[in-house]
Amino acid sequence: MATELEELIGFLSAPSPPVKKIAVDIVRDYTGSEDGLESLGKYSNVVLPSLSRLLGEKKVVSEPAAQALVNLSQKPELAGKMVEMHMVRTSMETLYKQDCEITSLLIMLLVNLTQLDAGIDSLLQSADEKMHGLYVMKLVRSFCSSSCEGKVDPFEHVASILVNISKKEDGRKLLLDQKRCLLKQIVRNDSKSLLRKRGVAGTIRNCCFEAENQLQNLLLISEFLWPALLLPVAGNKVYSEEDTRKMPLELASALSIEREPVTDPEIRVQALEAIYLLILQEAGRRAFWSVNGPRILQVGYADEDDPKAMEAYERAGSLLIQESGLNEELTETSS
């Protein structure tokens with residue numbers, strides 16, 4: 001004899017829209033508690049496909065279904081089952097259907113699924129040579145064209161997806177592929193959204209782990225890369241003409257005037273870690289000197305008060321000590 005929960009899950013496939021609506025609302029509410037998640041997890045082979053089929057229906061049904069899937073996907077074992085049943089593909093196909101009304105929820109679902117290596121591989125379409133990278137290209141395009149300052153930004157959580165996929169070598173290689181120019185598009189994203197800023201900084205930092213083999217590809221976008229990395233760590237000072245004349249125009253212009261400081265230490269740490277990875281390479285150090293990067297580190301360090309960020313400044317500065325004695329200057333400035 002079926003339990004009450006089994007009967008409830010069965011109603012997700014009911015032909016009657018009102019019955020289906022009531023059932024999906026109750027299931028969604030179940031996923032709001034740990035006990036509910038555990039109970040539904042026992043019927044994952046039934047409840048997950050049933051909820052997945054509802055994503056293409058009208059918003060009154062698709063929204064609570066998506067909310068339930070987002071909550072369920074917080075459990076790694078359930079997220080793994082979703083990936084196995086091609087939930088990444090279902091989410092992407094639904095996301096890019098005309099008049100999709102659950103965009104933000106589908107993006108959040110993809111954030112959770114790409115916490116898993118299998119989810120990343122599915123989003124990268126690693127198994128399909130012809131389609132490889134298409135999903136990511138679509139998401140990057142949407143991310144870079146949808147910033148809505150002061151309004152609902154349905155694609156802002158793509159920032160977290162980009163961080164997730166760039167943790168894997170295959171993801172980094174895709175983003176650094178010069179034919180696709182994906183990292184260049186991401187780096188140029190200019191938004192006041194903290195989530196977006198953190199995501200861009202984290203993605204750049206992850207991609208810089210490929211500096212040993214892909215430094216040339218990284219430096220090909222230096223016009224955008226150096227400002228993205230150096231402006232957050234430049235401190236609050238208006239730089240002198242002597243300092244800025246040694247910098248490219250895009251840096252010099254920004255640092256010659258008063259500007260809004262980057263108050264989030266996580267972004268500064270990520271930028272400094274990316275700089276460190278770049279200047280580990282001799283050509284990276286030369287490029288860094290060419291934009292007067294050491295001077296920017298020196299000034300930024302003087303304004304820094306976050307212990308983790310200060311440590312990241314010192315770590316980057318230590319690589320330059322033999323060439324400039326910068327590390328000693330940083331220490332003197334702080335004393």
Student: Please answer whether the main-chain N or O of Ala118 pairs with a side-chain N or O of Ser122 as donor and acceptor at a distance below 3.5 Å.
Tutor: no

Student: Less than 4.0 angstrom from a charged side-chain N to a carboxylate O is my criterion; do Asp153 and Arg196 meet it?
Tutor: yes

Student: Does a sphere of radius 6.0 Å around CD in Glu77 hold more than 12 heavy atoms from other residues, nucleotides or ligands, not counting ones at 6.0 Å or beyond?
Tutor: yes

Student: Decide if atom CD of Glu38 counts as having more than 12 heavy atoms of other residues, nucleotides or ligands within a radius under 6.0 Å.
Tutor: no

Student: So does Glu304 pair up with Arg268, basic N to acidic O under 4.0 Å?
Tutor: yes

Student: Please report the interatomic distance CG(Leu37) to NZ(Lys75), rounded to the nearest 0.5 Å.
Tutor: 6.0 Å

Student: Do Glu210 and Asn213 get their side chains close enough for a donor-acceptor pair, meaning under 3.5 Å?
Tutor: no

Student: By the salt bridge (charged side-chain N to carboxylate O under 4.0 Å, His left out) test, which pairs, at least two apart or in different chains, include something from residues 226-255?
Tutor: Asp243-Arg295

Student: Salt bridge or not between Arg198 and Asp264? Use side-chain N to carboxylate O under 4.0 Å.
Tutor: yes

Student: Between Asn164 (side chain) and Val111 (backbone), is there a donor-acceptor pair under 3.5 Å?
Tutor: yes

Student: Leu255 versus Arg259: any side-chain heavy-atom pair under 4.5 Å?
Tutor: yes

Student: Among side-chain atoms of Glu57 and Ser62, is any donor-acceptor pair under 3.5 angstrom?
Tutor: no

Student: Can you give the donor-acceptor pairs under 3.5 Å from side chains of residues 134-141 to other protein atoms, not counting sequence neighbours?
Tutor:
none

Student: Does one side chain, of Tyr313 or Gln298, offer a donor that lies under 3.5 Å from an acceptor on the other?
Tutor: no

Student: Would Glu63 and Arg28 pass as an ion pair if we require N to O under 4.0 Å?
Tutor: no

Student: When you measure from the side chain of Arg205 to the backbone N and O of Ala271, does any donor-acceptor pair fall under 3.5 Å?
Tutor: no

Student: Taking CD in Glu212 as the centre, count heavy atoms belonging to other residues, nucleotides or ligands within less than 6.0 Å. Is the count above 12?
Tutor: no

Student: Got a salt bridge between Glu311 and Arg315, using NZ or NE/NH1/NH2 to carboxylate O under 4.0 Å?
Tutor: no

Student: Any donor-acceptor pair under 3.5 Å linking the side chain of Ser52 with the backbone of Pro49?
Tutor: no

Student: Should we say atom NZ of Lys173 is surrounded by more than 12 heavy atoms from elsewhere, each under 6.0 Å from it?
Tutor: no

Student: Any ring-ring contact (aromatic ring centres under 6.0 Å, His included) involving residues 224-250? Give me the pairs, sequence neighbours left out, ordered by first then second residue.
Tutor: Trp226-Phe288

Student: Within the side chain of Thr90, is there an N or O that forms a donor-acceptor pair under 3.5 Å with the backbone of His86?
Tutor: yes

